[in-house]
Amino acid sequence: PLSAVTAGAFAHLELGPVDRSFDWVVSRLGDPKPMLRGGRVGGRFRIRIPSKTRTGVYLVRVRAGRQRAVWPLAVAGLPPRRARGRARPLVVLPARTWQGLNRLDDDADGFEDRLPFARAVRVDRPFADGGLPPRFDREVSPLLRWLDRERLPYDLTTDLALARRAGPALGNAPGVAFAGSELWVPEQLMERLRDYVADGGRVAMFGADSFRRTIELAGESARNPSRPRRANAFGEQTELLRTSPAPLTVFEDGLGFFEGMSSFVGEFTVFEASRKLPSSGRRITAAGRDAGQPAFLALGLGGGIVLRAGTPQWARELEESALSLELPQVTKRIWRMLSAGRSS
């Protein structure tokens, strides 16, 4: 499933070819210790998620002879013990982008069916070569594993579930974090996000080039992808730039994200520069390579706040191997802002 499974419920999966026996293991992302394991013959099967499972992404790994496959399984369960009772931002996984970029031949015509080249792709298909979804390792996994290391509480859903109004409701979240690039989004969900922000909601985007293309959802099919719009769902025009390695230079910091730090933060080669702000937008915090066209940007819109991390490489700086001091601290302050609830 590409929606969050509730702890205590069954996750329904399918593996083929059906005449092969296989072993399976379920473990938490970033933790090799198995939570569940078993074996059976291929086909449809189900696994019960223990009722005390913590919220997060788990990996279902299967093995049949020399064949291997892995699948990310989102679980809506319990928060970390010491974080219970605290406000939990809603983390949204970019399942539609995963399937849109999935290099899989749906109709066996010999050509990959992926967006924007295909008019439609199915969202219930396996990922190519039995691997993890596109961009998962670069954009999503580092952020989720960092949240676990810091024991920061969050609720979890996917953009597919959010569009279908299944699982945690947008209106109940103190803040929303999109953990990866949202390349194709139904128009109705964009409208709901704009309303959420106008009513005081807080949204953080950790991918890039998001909310500029629409898609239609019909059953298990995503169809009719639009061309990129000049402005994203919140009215800002941006452009992706590739450069030699460079830090974010802090220009203004009305929210205190960079307080007590150097004026130069991180090192990146891809920036999402702001070309034009929405007419009603109020620039609160900005950093990047050019003060007039910042990448990292927090805007006041209506009663709420929209924040762009400004680079799809933000999550990689949260890896333990990155040895970054500033980026984890800034991300923790962003999390504090998302947890604070709607602005009055």
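All residue numbers refer to positions in the sequence shown, counting from 1. All values reported here derive from a predicted model rather than from experimental measurement.
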Value rounded to 0.5 Å, distance of [atom1] in [X] from [atom2] in [Y]:
| X | Y | atom1 | atom2 | answer |
| --- | --- | --- | --- | --- |
| M190 | F234 | CE | CZ | 9.0 Å |
| F206 | E182 | CZ | CD | 13.0 Å |
| E252 | L297 | CD | CG | 8.5 Å |
| L101 | L115 | CG | CG | 7.5 Å |
| F257 | I334 | CZ | CD1 | 5.5 Å |
| R275 | Q293 | CZ | CD | 4.0 Å |

Run the salt-bridge test on [X] and [Y] with the 4.0 Å N-O cut-off and return the result as yes or no.
| X | Y | value |
| --- | --- | --- |
| R164 | E220 | yes |
| E236 | R308 | yes |
| D31 | K33 | no |
| R229 | E187 | yes |

Notebook entry, point to check: Any idea which heavy atoms bring T97 and L183 closest together, and the distance?
Noted result: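 Shortest heavy-atom separation between T97 and L183 comes out as OG1-N, 3.0 Å.
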Notebook entry, point to check: Nearest heavy-atom pair of E272 and T238: which atoms, and what distance?
Noted result: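 Heavy-atom minimum between the residues: OE2-OG1, 2.9 Å.
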Item checked: Pairs involving residues 315-327, ordered by first then second residue, that meet side-chain hydrogen bond (donor to acceptor under 3.5 Å, both in side chains) (sequence neighbours left out) ->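 For residues 315-327, and leaving out neighbouring residues, the side-chain hydrogen bond (donor to acceptor under 3.5 Å, both in side chains) pairs sorted by first residue read R145-E319.
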Item checked: Output field: ring centroids F268/F296 closer than 6.0 Å ->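 No: the rings miss the under 6.0 Å criterion.
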Notebook entry, point to check: Do F111 and F117 have ring centres separated by under 6.0 Å?
Noted result: no
Tell me whether the count of non-hydrogen atoms from other residues, nucleotides or ligands lying under 6.0 Å of [atom1] in [X] goes above 12.
| X | atom1 | answer |
| --- | --- | --- |
| R37 | CZ | no |
| E150 | CD | yes |
| R230 | CZ | no |
| R63 | CZ | no |
| D109 | CG | yes |

Margin query: Just to verify, what does R114 make a side-chain hydrogen bond (donor to acceptor under 3.5 Å, both in side chains) with, not counting sequence neighbours?
Written below: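 R114 satisfies side-chain hydrogen bond (donor to acceptor under 3.5 Å, both in side chains) with E112 once adjacent residues are dropped.
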Checklist line | Candidate pair Y154 and D148, rule side chain to side chain contact (heavy atoms under 4.5 Å, CB included), full reasoning | finding: CA-CA 10 Å; Y154 60 92; D148 283 350; 3.5 Å; yes
Next item on the list: Can you spot which of N172, L162, L338 makes a side-chain contact (heavy atoms from CB on, under 4.5 Å) with L90?
Entry: L162
Next item on the list: Have a look at L189 and tell me which of R165, R96, R194 forms a side-chain contact (heavy atoms from CB on, under 4.5 Å) with it.
Entry: R96
Next item on the list: Look only at the side chain of R46 and the backbone of F10, and say whether a donor-acceptor pair between them is shorter than 3.5 Å.
Entry: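 Checking the backbone N and O of F10 against the side chain of R46, no donor-acceptor pair under 3.5 Å is found.
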Next item on the list: Classify the side-chain pair Q99/R125 by whether it contains a donor and acceptor separated by less than 3.5 Å.
Entry: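 Judged by distance alone, the side chains do pair up.
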Next item on the list: Mind telling me whether F136 and W98 have parallel, tilted or perpendicular rings, with 30° and 60° as the class edges?
Entry: perpendicular
